[in-house]
Amino acid sequence: MRITSYADRLLEGLERVDFSGSMKDMQRNWIGRSEGAEITFNIQHSTSNITVYTTRPDTIFGVDFMVLAPELELVNEIKSAEQTKAVDDYITYVKSRSDRERMAEVKLITGCFTGAYAINPFNGKQIPIWISEYVLAGYGTGAIMAVPCGDERDFKFATHFNIPITNIIGEHFNGKEANPTKDAILENSDFLNGLVMRDAIKVANDKIEAMGIGKRKVNFRMRDAGFSRQRYWGEPFPIVWQDGVATALTEKDLPLELPHVAKYGPGPEGEGPLANITEWVNTPEGKRETSTMPGYAGSSWYFLRYMDPTNKEEFVSRKASDYWNSVDLYIGGTEHAVGHLLYSRMWTKVLYDLGYIGFDEPFKRLVNQGMITGKSFFVDGAIYSDDVIDKVIFKLQSHHSELPFPFVIKYDGINLKRKEIRGDVRLRNAHRYLDSNGRFTKSMFESYCEFEINYIIDFDKIFVDWDSQNKTESGEPYLNGIVIEKMSKSKYNVDNPDDMVEQYGADTFRMYEMFLGPVEQSKPWDTKGIEGVHRFLRKLWRLFFDELKGKVWNDEKANAAELKIIHRAIKKIEEDTERFSFNTAVSAFMVCVNELADAKCNKKEVLEQMLILLVPYAPHIAEELWHELGNAGSILDATYPTFNPQYLVETTKEYPVSINGKMRTTMNVALDASAEEVELLTLANEVVQKWLEGKAPKKFIFVKGKMINLVI
RNA sequence: GCGGGUGUGGUGAAAUUGGUAGACACGCUAGACUUAGGAUCUAGUGUCGUGAGACAUGGGGGUUCGAGUCCCUCCACCCGCACCA
């Protein structure tokens, strides 16, 4: 799927949407637009040439060598007779290395001289051509011009292989490290001499294009995406094949649905599971395509279908999509930043270009909820008895997913020995075995092991070896290798929400998630606090029904104090909800319920207002109590309460009184008192007089409605 | 390495515009009611100090009558990306 064709528009569209800065950065970074030039170099004693991509054509006179990706066919063409063996050996070496190894050993400098030379088109200088795995075949042209005085990797490469370095930036280059500046004045650079590099880029590009040896070029890091999967779960392609020709199904045969299958095994010759269902694959028109679409196919446009879900003619009518327009608010995680959220933006643009919808960005506003983090426990090594070391190590390396646990050992009581395992070893699901202080102690470890392993070994040794400083008050040792990280099945640090919903109900769970902290922040998951929210909902219920007395709610008229309580809540909850501050809104509900309980207010007039506010936070209990109050119809159709400021009007304020900025006492003063009146009251205050010690204050500061401060 | 974010009690956090730091909860300590409590209610709970008070928002500096909030600087942790020429 040619998402690269939309790269520029995907960048441009980011200017028009309300996404977080980091989300925009991640997408920009992923698209990875760079402006530069392609320059073609002739090769000495050869009719072939090399085209490199560079963003710094201004450094063309600092080129000391060229580097090709080892995979390029050109390498075999140009390698000299003397270097053939070395080049072939190097290519073999590169092929033997996995991507994993390459990534893990970025700092390892490897490479090989090809024996060939390129010619600098401006000064005719011979430039040795090397190959190295640090140049990627898939980006740009797979070839670079190396400028060691200005590029860190080029510099390290040159130093490693003793390639002489040309300095084109004078004192800006110290010979010890590259300087990637664009602000230096060029030297040793022929027609670019004396120019600031930033400006020289344009001059060099103009000259390169005028000479016909290259052209300006924009590159993207983003790649096109494969659009088929050898899997069962995914939309099937409405395509049949006959004699190698693909034909689309006619509309009367749509939609094409997945056939039901008994099992999902892979098909023959690496095909997907659908290939096993011959009665589905073989049609009179030919063989069906057996690959299915990737996950991002459906997720790229489902929100459009929601606008017109029963439409049998089109995926969405223009009338419906014009009415609903793009999504006003999307709440989702950053993990979709460069997948789903980029693909759906592209699809929307495609559908817009085809005229099917009238907007080209799917989501107007995007709020990223923070990740829920979990505690993971690690050990950096283990103690084994000799007879099982080999077995355990083998299991670690070859069956990592089946790894039982590094302490699965038979301890013979004598032959203990510490064996380092490469990398930390995760104690799977150890977070379920913590003491009340969240520590993984020796006794918790014992219950953990009974569950996981067959043999128990010398615990004291493990715990003491780990860190002898870690002791609980009772002297019990505990492990300290805790990492707070993303909660994830693959990290074995998850808690299943279903269990909590089972125990407390969906309202409690929902509200607790909101209560944890700001939506956009990542938060540690700790189920201890859930009790507080659950208690709140029970307390709310008791405003309506008493355990012994039954119904306690009544139809009495609310008094001023009660109206003040509920209107303060209306104001706060509405404001907090508007700014996505759900945690403080939940606390406002708690304050409201606490105050109503203290005031012994069980009045329907007040309570039903609160229930309507509560709908988005605890929908089930709100709906249920709404009906208990004798209301017909759903609470969802009730009118949202309107805040009335007159219930909150105050005539006096309890002012904080500070001396030199430090709060010393408070004073109740009428809100309409003048500054002069307040000053007299302040100076007469007992606490203030004590601090003044008979002296006159240097300065009196009064901020109406806020505070009083005396400088002495 | 580059980009983004976060640091406040024992814990999750609040403080929306520079104006009473710790709201609201969890946990903990007492007590009440109870055959019982994993129910409910009451009181207390940042640290030090008998007290008046002193010290407290990652560390250090600054601006201000006043700083969690603004400025400079350093540190730690988390999340992305990572040989992108």
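In what follows, chains are A, B, ... by sequence order, proteins preceding strands, each numbered from 1.
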Can you tell me how the ring of A:Phe157 sits relative to the ring of A:Phe161, calling it parallel under 30°, perpendicular over 60° and tilted otherwise? tilted
What's [X] touching, base or sugar-phosphate or nothing? Going by heavy atoms closer than 4.0 Å.
| X | answer |
| --- | --- |
| A:Asp151 | nothing |
| A:Ser22 | sugar-phosphate |
| A:Met23 | nothing |
| A:Asn583 | sugar-phosphate |
| A:Ser34 | sugar-phosphate |
| A:Asn594 | sugar-phosphate |
| A:Phe536 | nothing |
| A:Glu335 | nothing |

Criterion side chain to side chain contact (heavy atoms under 4.5 Å, CB included) on A:Met222 and A:Asn29, from CA distance to verdict: CA-CA 9 Å; A:Met222 182 171 64; A:Asn29 196 288; over 6 Å; no
Name the residue closer to the 5' end of RNA chain B, choosing between A:Lys653 and A:Lys699 according to the nucleotide with the nearest heavy atom. A:Lys653
Comparing A:Phe220 with A:Trp691, nearest RNA chain B nucleotide closer to 5' gives the residue A:Trp691
Please determine whether side chain to side chain contact (heavy atoms under 4.5 Å, CB included) holds for the pair A:Thr51 and A:Ile39, giving the CA-CA distance in whole Å, both sets of side-chain angles, and the decisive distance to 0.1 Å. CA-CA 5 Å; A:Thr51 301; A:Ile39 309 172; over 6 Å; no
So, is A:Thr584 near the phosphate of B:A23, with a side-chain N or O under 4.0 Å from OP1 or OP2? no
Go through B:A85, B:A13, B:G3 for me and flag the one nearest to the A:Asp25 side chain. B:G3
[atom1] gap between [N] and [M], integer Å:
| N | M | atom1 | answer |
| --- | --- | --- | --- |
| B:G3 | B:A82 | P | 16 Å |
| B:C24 | B:C33 | P | 27 Å |
| B:U69 | B:G58 | C1' | 16 Å |
| B:U16 | B:G10 | C1' | 29 Å |
| B:G22 | B:A13 | C1' | 9 Å |
| B:G46 | B:G68 | C1' | 15 Å |
| B:A25 | B:C71 | P | 34 Å |

Test A:Asn685 against A:Val657 for side chain to side chain contact (heavy atoms under 4.5 Å, CB included), laying out the working first. CA-CA 10 Å; A:Asn685 183 284; A:Val657 180; 5.7 Å; no
Tell whether A:Lys572 reaches the base of B:U16 with its side chain through a donor-acceptor pair below 3.5 angstrom. yes
